[in-house]
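What follows is a short report on a single structure.
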Amino acid sequence: MTQEIIYPKRFRFHEIQKKWIDYWQKEKINSFDLKDGKNIFTIDTPPPFVSGTLHLGHVLNHSWIDFVARYNKMKGKNVYFPQGFDCHGLPVELAVEKNYGISKNDRENFLAKCFEWVNNNINNMTQQFNEMGYSTDWNYTYRTMDDNYKYKVQWSLLFFYNKGWLYREKFPTHFCVNCETSVAKAEVGYQDEMGKLWFLKLPIVGGDDDYVTIATTRPEYIEACVGVFIHPNDDRYYHLSAAEVQIPLTDRKVKVEIDKNVDMNFGTGIVYCCTYGDEMDIKWKLEHGLDEIQIFTEDGHMNENSRYKGMTILEAQKRIVEDLDELGLIADIKDYEHRIIIHTERSSCRKPVEFLPVYQWFINVKDFTQEIIESGEAIKWYPEKHKQRLLDWCEGLDWNWVISRQRIFGTPIPFWYCKDCGEIIPPKEKDLPLDPVTMQSPLKKCPKCNSFNIEGEKDVCDCWIDSSITPLAISKWLENEDFFEKTYTNASIHRPQGYEIIRTWLFYTLFRCKKLTGKAPFSEIMINGMVAGPDSRKMSKSFGNIVSPDEVMPEFGADAIRQWAAMGSLGDDYPFEYTWINLQSKQPVKEDVIKKKRQRLPENKFNNKYGRRFEQLTGASRFLTKIWNAYRFLRINLDKIKIESIDIDNRKLSPIDTFIFSEYNQILRTISNHFDEYNWHEGFALLRPFFWNDICDNYIEAIKYKFYSEDKQTQENALKNALNLFYQILKLFAIIMPFIAEEINFLLFNKFKKIPSIHLEKWPLTYENLSEDLIEQGRIGIELIKRLRTIKSSLKLPLNEEISRIALIAEKNILEKLEGLKEDIENTIRIKKLDVIDKVEEKNIKDRPDFKDIFKAFDIKIYFYR
RNA sequence: GUGCCCGUGGUCUAGUGGUAUGACGUCCGCUUGACGUGCGGAAGGUCGAGAGUUCAAUCCUCUCCGGGCACACCA
């Protein structure tokens, strides 16, 4: 090791990170060993979607996961910590279409390119995980697009089919006409939008210039109108109850029907029912046996049932309104704020969702929500409050799970069906995994109707079908019975995730794993919040408050960013703070100024003029520098003073040593308690000031002089005690800041501790058998030293200036203690002569001090002579 | 609309039935034999607003305001 590496004033994280990432990999420091089959603690980590880069949300989430892994390892558990990737999804298809210009019709090539694109992204993301200091064992990674993974997914579908929980049916489902696929209820959300409410006049058949007027936000649905509804108690329209109305722009007539679900107070109190405008329309259609007239195509245009065929839905709306107006059938138009259903699960879409009746595959979940609730109740939640989200979702669920997606890059739904009678033909188990598009059905003839018109399913699975068996995938279910028993059946399984996917990932995983194995997967769950920008709004492109890890990682390093993550509070959203500054003046700039400038200036000019200051990370970096310098100081002394071990003899502790050890004991216990609850914030918030103030500013300052002592034994003991304590603290640091901990471990402790990594260490123990008397004496010493330094500072004296004399005047019972501290105080404060005087002698002191002070806590008077 | 969470010095954050923790920033002093990305110190808060319970409330209750999330929904 060269001097260069040992003594730089700053922690050089760039080279150090790289060095340890390679070393940990080479030496298999993070390897999981099943042989110790007892006490296995499995972490079922969220597989990130393979967008190609990690964002700060991932950094927060996965830093915490890494803390969980490292902490539990240190606590003696055999931690199984794999990390996989969620590969399938629309964004992959879009990226491949865009970047390679390959059409989906060229199915084979297209899928190959999807695979390639995903693989590149995974390589990138794997590297980012490593740069975070993520301690997963990559030998157990998985990709949801792998055959081996698909096998499990398809096997599970076959199992569900055999149980009668998987079925195919033509049913109106949420359908994103932008993404051209059906989506699950869990993937849609509502968005407020300023729209219009149109009052349309529908002519009454046989009535002379007589109309019913309905109010609607969707006039483009008029051609699909199959009924008009009024409320049974609505006196205003009593006379209409048997009437028929003519649907404008069509040659159809529909009946006026009565239903109590009509809201009399909305609009005119009359509503038209269309196929399928919304969930209410679906219910009415089924209950009243109405016709079905579908007017939209799957890509969001009008179909052959409409005279506006070929137009987009929006274009059609415009034309329909114009046409109705021309016919004089528009009674009124009002501005109206309403909520539209949009595709929210992929934030890049957020386009309106329609209901389309197409053949879909469904899994019955409605009948099992009670069971899911039970699995949820059995989990220990960190924090408890988020359990309610799962329970609410279960209790409110009234739709089954649409699992089919009209896409091609996904796990194929491994079934065939008869095009004539709809009979489903399941695959043979031995043929899995398979793609029914390219593979022949096991039966040539429909077993029900003898038709030969058999078709392989083209649709693929919802991504949540892939990801909701992650606990089974990582435990080698269906693959290795022994491994499965140890890492699933008999393990405690920890599930870390954000609260936003409780109703999806958690819900589906609880459901499917229980059904497939008989055992609910999780014993505990740790919930993280979302990362917000400084405006405390969720980070998103549309708010312009995004910070990418790539922006901050090169400047601050993983250990600093992990400290930021550690300071986030359990289950709550957490802002990533920054301030815009003018790079020349270094002055803060307001957000709205930035917004304007960003629009006006070209990007490079803007970037030259303005930058962001990351205060939280600055603080984190300083802490790293502090730790680094504490190491340097001890290292310099270790080079001078020869010691054989850092084992300490409790009987040879000074009062100051005893006191700081006792303080450490307390801190350690409290931190353990917080970490046991996965409360990283509180634990780290204690650790930082303890190390900085108590250890560095007070303890090290107070023992420093011993390193220059004439007495070898004094030197050795002081250094041993300090190193021993530092090593304990380093183990605590290792969880949050794995790189600096490992670096210092090697530079400072390698010759004492013959272990290949500090990350294989056990959680530290407290120091036992400390003398209460010495603790108290040490406390007085430290407090006095602090006080005397403050006095020096307030007198504007440089800290190294020697004081000619100080007298401490105290009660008899404390005198003895002070005598024992004399040397520590004299040397640390630099006093030529320190006198300890009995209070009864005080009146005999003749010289007037330059400064007088009383230290109330111990009733000690301080006479200070410059 | 219903439910849950949140609102603490300039910013973020901890916490408690007896007016408050830490970080970053600001100001003052000190280049100490690890560290000026340091050390010592200071300023800065009616703990969202109002009402109630209490000897006492930032902490408990209610109402309101503001923010977030979830669920429901009138077309």
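Note on naming: letters A, B, ... go to the chains in the order of the sequence lines (proteins, then strands), and numbering restarts at 1 for each one. Note that the structure is predicted; figures quoted are calculated from it, not measured.
Only the P atoms considered, B:C47 is 12 Å distant from B:A57, to the nearest whole Å. For the C1' atoms, the distance from B:C12 to B:A75 is 46 Å, rounded to whole Å. A gap of 27 Å separates the P atoms of B:G68 and B:U58, to the nearest Å. Between B:U8 and B:C39, the two C1' atoms lie 29 Å apart (nearest whole Å). For the P atom pair drawn from B:G17 and B:U61, the interatomic distance equals 13 Å after rounding to whole Å. A gap of 8 Å separates the C1' atoms of B:A20 and B:G15, to the nearest Å. Rounded to the nearest Å, the gap between the P atom of B:U32 and that of B:G36 is 10 Å. Taking atom C1' in both B:C73 and B:U21, one finds a spacing of 45 Å when rounded to whole Å.
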| request: Using the side-chain contact (heavy atoms from CB on, under 4.5 Å) rule, take A:Thr213 and A:Leu200 through it: C-alpha gap first, then chi angles, then the decisive distance, then the call. | output: CA-CA 5 Å; A:Thr213 305; A:Leu200 308 183; over 6 Å; no
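The nearest whole Å value for the distance from the CG atom in A:Asn637 to the C1' atom in B:A34 is 9 Å. Atoms CD1 (A:Ile341) and P (B:A70) sit 15 Å apart, rounded to a whole Å. Rounded to whole Å, the distance from CG on A:Asp573 to C1' on B:C4 is 13 Å. Computed from coordinates, the A:Leu788 CG to B:G41 P distance equals 12 Å when rounded to whole Å. Separating the CD atom of A:Gln388 from the P atom of B:C5 is a distance of 9 Å, rounded to the nearest angstrom. Here the P atom of nucleotide B:A75 and the CH2 atom of A:Trp284 are 11 Å apart, to the nearest Å. Between the CD atom of A:Glu555 and the P atom of B:U37 there is a distance of 15 Å, given to the nearest Å. Rounded to an integer number of Å, the gap from A:Glu701 CD to B:C39 P is 9 Å.
If you check every strand for non-hydrogen atoms under 4.0 Å, A:Pro798 touches sugar and phosphate atoms only. Counting any heavy atom pair closer than 4.0 Å across all strands shown, A:Lys786 reaches no nucleic acid atom. Counting non-hydrogen atoms under 4.0 angstrom, A:His681 reaches the backbone sugars and phosphates but no base. A:Gly619 comes within 4.0 angstrom of sugar-phosphate atoms only, judged by non-hydrogen atoms across all strands, and of no base. Among the heavy atoms of the strands, none lies under 4.0 Å from A:Cys273. Within the 4.0 angstrom heavy-atom criterion, only backbone atoms of the sugar-phosphate kind lie near A:Glu682; the bases stay farther away. Using a 4.0 Å heavy-atom cutoff across all strands shown, A:Asn629 reaches at least one base atom of the nucleic acid. Counting any heavy atom pair closer than 4.0 Å across all strands shown, A:Thr625 reaches a base atom. Across all strands shown, A:Thr217 has heavy atoms under 4.0 Å from sugar-phosphate atoms exclusively, and none from any base. At a threshold of 4.0 angstrom between heavy atoms, the contacts of A:Ala685 with the nucleic acid are absent. Using a 4.0 Å heavy-atom cutoff across all strands shown, A:Asp281 reaches no nucleic acid atom at all.
Closest to the A:Thr216 side chain, of the nucleotides B:A75, B:C69, B:U32, is B:A75. Side-chain proximity of A:Glu615 to B:A34, B:G36, B:C24: nearest is B:C24. Closest to the side chain of A:Arg688, out of B:U13, B:C24, B:G40, is B:C24. Set against B:A34, B:G29, B:G36, the side chain of A:Lys796 has B:G29 as its closest nucleotide.
Both A:Asp572 and A:Gln616 lie near RNA chain B, and the one whose nearest nucleotide falls closer to the 5' end is A:Asp572. In terms of position along RNA chain B, the nucleotide closest to A:Ala620 lies nearer the 5' end than the nucleotide closest to the other residue of the pair A:Leu197 and A:Ala620.
Looking at A:Gln563, its side chain has no donor and acceptor atom pair within 3.5 Å of the base of B:A23. A donor-acceptor contact under 3.5 Å links the side chain of A:Lys626 to the base of B:C35. For B:U37, the base has a donor-acceptor partner in the side chain of A:Arg10 [N/O atoms by modelled type, under 3.5 angstrom].
Within the 4.0 Å cut-off from OP1 or OP2 of B:G41, at least one side-chain nitrogen or oxygen of A:Thr790 is found. Checking the phosphate oxygens (OP1, OP2) of B:G68, no side-chain nitrogen or oxygen of A:Arg389 falls inside 4.0 Å. Distances shorter than 4.0 Å separate some side-chain N or O of A:Arg622 from OP1 or OP2 on B:G25. Contact annotation: A:Ser569 side-chain N/O to B:A14 OP1/OP2 distance is under 4.0 Å. Using a 4.0 Å cut-off, some side-chain N or O of A:Trp692 falls inside it from OP1 or OP2 of B:C39.
Nucleotide B:U54 is matched to nothing when pairs are restricted to Watson-Crick or G-U wobble geometry with both distances under 3.5 angstrom. Pairing for B:U63 goes to B:A49, judged as Watson-Crick or G-U wobble with the two contacts each under 3.5 Å. Nucleotide B:U37 forms a pair with no other nucleotide shown, judged by Watson-Crick or G-U wobble geometry with both contacts under 3.5 Å. The nucleotide B:U21 finds no pairing partner, because no Watson-Crick or G-U wobble arrangement with both distances shorter than 3.5 Å includes it. Pairing for B:A14 is absent, judged as Watson-Crick or G-U wobble with the two contacts each under 3.5 Å. Judged by Watson-Crick or G-U wobble contacts below 3.5 Å, the nucleotide B:A42 has B:U26 as its partner. Judged by Watson-Crick or G-U wobble contacts below 3.5 Å, the nucleotide B:A70 has B:U2 as its partner.
The number of heavy-atom neighbours closer than 6.0 Å to CD of A:Glu823, taken from other residues, nucleotides and ligands shown, is 12 or below. At most 12 non-hydrogen atoms from other residues, nucleotides or ligands lie less than 6.0 angstrom from NZ of A:Lys255. Counting non-hydrogen atoms of other residues, nucleotides and ligands closer than 6.0 Å to NZ of A:Lys640 gives a total above 12. Annotation: A:Arg236, atom CZ; neighbour count of heavy atoms from other residues, nucleotides and ligands within 6.0 Å is above 12.
Atom CZ of residue A:Phe726 and atom CZ of residue A:Phe633 lie 12.0 Å apart, to the nearest 0.5 angstrom.
A salt bridge links A:Asp639 to A:Arg635: one of the charged nitrogens lies within less than 4.0 Å of a carboxylate oxygen. A salt bridge is absent between A:Arg830 and A:Glu801; no separation between the charged side-chain nitrogens and carboxylate oxygens falls under 4.0 Å. A salt bridge is defined here as a Lys NZ or Arg NE, NH1 or NH2 lying under 4.0 Å from an Asp or Glu carboxylate O, and A:Lys387 with A:Glu377 meets this definition.
Between the side chain of A:His386 and the backbone N or O of A:Gly571, at least one donor-acceptor pair lies under 3.5 Å.
Residue A:Tyr708 and nucleotide B:G33 are classified as a stacked aromatic pair, their ring centres being separated by less than 5.5 Å at an interplanar angle below 30°.
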